[in-house]
Q: 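One structure is given below, represented as structure tokens, and several questions about it will come after.
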Amino acid sequence: MEDVIELRGVTKCYGSLKAVDKLDLNIRKGEIYGLLGPNGAGKSTTILMMLGLTEPTEGLIRVCNIDSTLNPIEVKRRVGYLPDNVGFYDNQSGLDNLVFIARLNSVRETEARRRALELLSRVGLSGVANKKVGAYSRGMRQRLGLADVLIKKPAVIILDEPTLGIDPSGVKAFLDLIVQLSREEGLTVLLSSHHLHQVQQVCDRVGIFVSGKLIANGTISELSEQLFSNEAFTVEAAITPADAGIIQKLSSTLEDMQGVSHVKYEQGRLLISCAIEKTAAIARAIVDANLDLTYLSPREYGLDEIYQRYFEGEHKHV
């Protein structure tokens, strides 16, 4: 699959401070990529370099096959950027703001108005198109910001903490809209955030960014397998009460299974850690032990567990 964003050995220094350190990153056409990390990790600096708004100290950055350092204007023509706080003319309507942005991007007046009305409908703001932006809520401003970055029909959109200050229902609606636009329009999306749940909810791949370094990169499943190779799956099973001897025998049977690394019993529930998916075999073993199985739930490790593991032991980078 074609890479739309490519960074090779990118470093950015501010005096003695190394904000980004030898960063290698590829983002594929049409995917939603989550750049995850704490505040101050270097995410925004990386985005500014991609846009050609600041130059790397060393390394290569290409966006849409264009060198961001040598041709920043060409990159800006192809990329839409939504920062965490969008600036609009508050005394003008949402429609007027969008038409103005379109005209700045050399779109003709009639076409600019048509696109603006279409995008206001797409982002759910048709009903307030002629309302002054100063009266918009935070969520409405972010939706207008999304229409703003789409007005020039970009190939890539970069969203830097786009959900800050939006209520939970507004966040879900906004993220659902991002996914819809990416799938329908074939847009490549880079979502920078420190909200783990939001990144896991919408992103195809994730990069964990800490202290200027990309310390992990891949799908949630790939990262889980890398970190929890001996326990990539956890199966929780609820069983009928039984004496300690029966539980011990069942635990031994489960631990002897290929791919099972650990079994723990607590208050009528078994937690079985596995390197491979073993749900069906675990269910059979419980039934064969003449115990009633009342609940069985397999799960993979989520982004929260993955993120926390990278700050423990040998994976600690901060």
Side-chain angles (χ1 to χ4, degrees), residues 1 28 31-34 36-38 168 171-172 175-176 179 183 191 193-210 214-318:
M1 189 178 294
R28 303 161 187 159
E31 78 172 333
I32 304 176
Y33 187 92
L36 177 67
V171 168
K172 184 180 186 308
L175 294 176
D176 288 346
V179 174
R183 301 302 181 242
L191 171 63
S193 179
H194 64 275
H195 295 288
L196 280 68
H197 173 70
Q198 294 175 18
V199 171
Q200 179 163 330
Q201 184 179 340
V202 301
C203 294
D204 301 307
R205 289 193 303 141
V206 175
I208 299 178
F209 208 55
V210 179
L214 190 69
I215 62 173
N217 182 35
T219 65
I220 302 298
S221 295
E222 288 169 348
L223 296 179
S224 176
E225 186 176 346
Q226 291 169 20
L227 280 176
F228 304 95
S229 57
N230 292 325
E231 46 182 279
F233 299 88
T234 297
V235 178
E236 181 179 356
I239 58 177
T240 53
D243 63 49
I246 294 175
I247 297 299
Q248 182 59 47
K249 184 178 180 180
L250 173 60
S251 296
S252 297
T253 299
L254 293 172
E255 287 179 341
D256 288 340
M257 285 184 182
Q258 182 181 5
V260 174
S261 59
H262 180 68
V263 177
K264 183 178 181 180
Y265 178 76
E266 287 182 346
Q267 300 178 339
R269 290 181 181 267
L270 287 161
L271 294 175
I272 305 106
S273 299
C274 314
I276 56 177
E277 214 286 317
K278 300 290 291 185
T279 306
I282 289 168
R284 285 194 297 270
I286 293 171
V287 173
D288 289 346
N290 292 319
L291 294 170
D292 290 332
L293 178 62
T294 59
Y295 173 84
L296 187 70
S297 176
R299 73 176 181 89
E300 293 181 80
Y301 286 95
L303 192 52
D304 183 65
E305 292 95 341
I306 291 168
Y307 190 76
Q308 293 304 320
R309 178 63 67 93
Y310 269 103
F311 291 89
E312 298 173 0
E314 65 189 45
H315 295 288
K316 190 170 182 180
H317 288 257
V318 294

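Since this is a predicted model, take the numbers as computed values, not measurements. Quick note: residue numbers are just sequence positions, from 1.
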Q: On a heavy-atom basis, which atom in Leu291 and which in Ala242 lie closest, and how many Å separate them?
A: CD2-CB, 3.6 Å
Q: Can you tell me how far apart CD1 (Ile220) and CD (Gln200) are? Round to the nearest 0.5 Å.
A: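 With rounding to 0.5 Å, CD1 (Ile220) is 5.0 Å from CD (Gln200).
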Q: What pair of heavy atoms forms the shortest contact from Ala281 to Met257, and how long is it?
A: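 Smallest heavy-atom distance, with atoms named: O-CE, 3.3 Å.
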Q: If you take all heavy atoms of Pro298 and Glu277, which pair is closest and at what distance?
A: CB-OE2, 4.0 Å
Q: Which distance, rounded to the nearest 0.5 Å, do you find between the CD1 of Ile246 and the CD1 of Ile239?
A: 9.0 Å
Q: Just how far is it from atom CG of Leu270 to atom NZ of Lys264, taken to the nearest 0.5 Å?
A: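 Here the rounded value is 12.0 Å.
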Q: If we only count heavy atoms from C-beta on, is the Ile306 to Val206 side-chain gap below 4.5 Å?
A: no
Q: If you round to the nearest 0.5 Å, how far is CG of Asp288 from OG1 of Thr253?
A: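 Interatomic distance, Thr253 OG1 to Asp288 CG, rounded to 0.5 Å: 9.0 Å.
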Q: Whether the side chain of Ser273 engages the backbone of Ser261 through a donor-acceptor N/O pair (distance < 3.5 Å, no angle test) should be reported.
A: no
Q: With distance as the sole test, does Thr240 use its side chain to make a donor-acceptor pair with the main-chain N or O of Asp292 at under 3.5 Å?
A: yes
Q: Would you say Gln198 and Leu175 make side-chain contact, with heavy atoms under 4.5 Å?
A: yes
Q: So, taking the atom named CZ in Arg205 and the one named CD1 in Ile32, what distance separates them when rounded to the nearest 0.5 Å?
A: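 Rounded to the nearest 0.5 Å, the CZ-CD1 separation comes out at 12.5 Å.
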Q: From the options Val210, Leu191, Leu303, select the one residue that forms a side-chain contact (heavy atoms from CB on, under 4.5 Å) with Leu36.
A: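 Among the candidates, only Leu303 passes.
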Q: May I ask you to test the Glu236-Ile282 pair for a side-chain heavy-atom distance under 4.5 Å?
A: no
Q: To the closest 0.5 Å, what do you measure between CZ (Arg284) and OG1 (Thr279)?
A: 10.5 Å
Q: Which atoms form the tightest heavy-atom contact between Asn217 and Tyr33, and what is the distance?
A: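 Looks like OD1-OH, 2.6 Å.
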Q: I need the minimum non-hydrogen distance between Leu296 and Ala283, along with the two atoms involved.
A: CD2-CB, 3.9 Å
Q: Salt bridge or not between Asp204 and Arg183? Use side-chain N to carboxylate O under 4.0 Å.
A: yes
Q: Do you know which two heavy atoms are closest between Leu254 and Val263, and how far apart they sit?
A: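 That would be CB-CG2, 3.8 Å.
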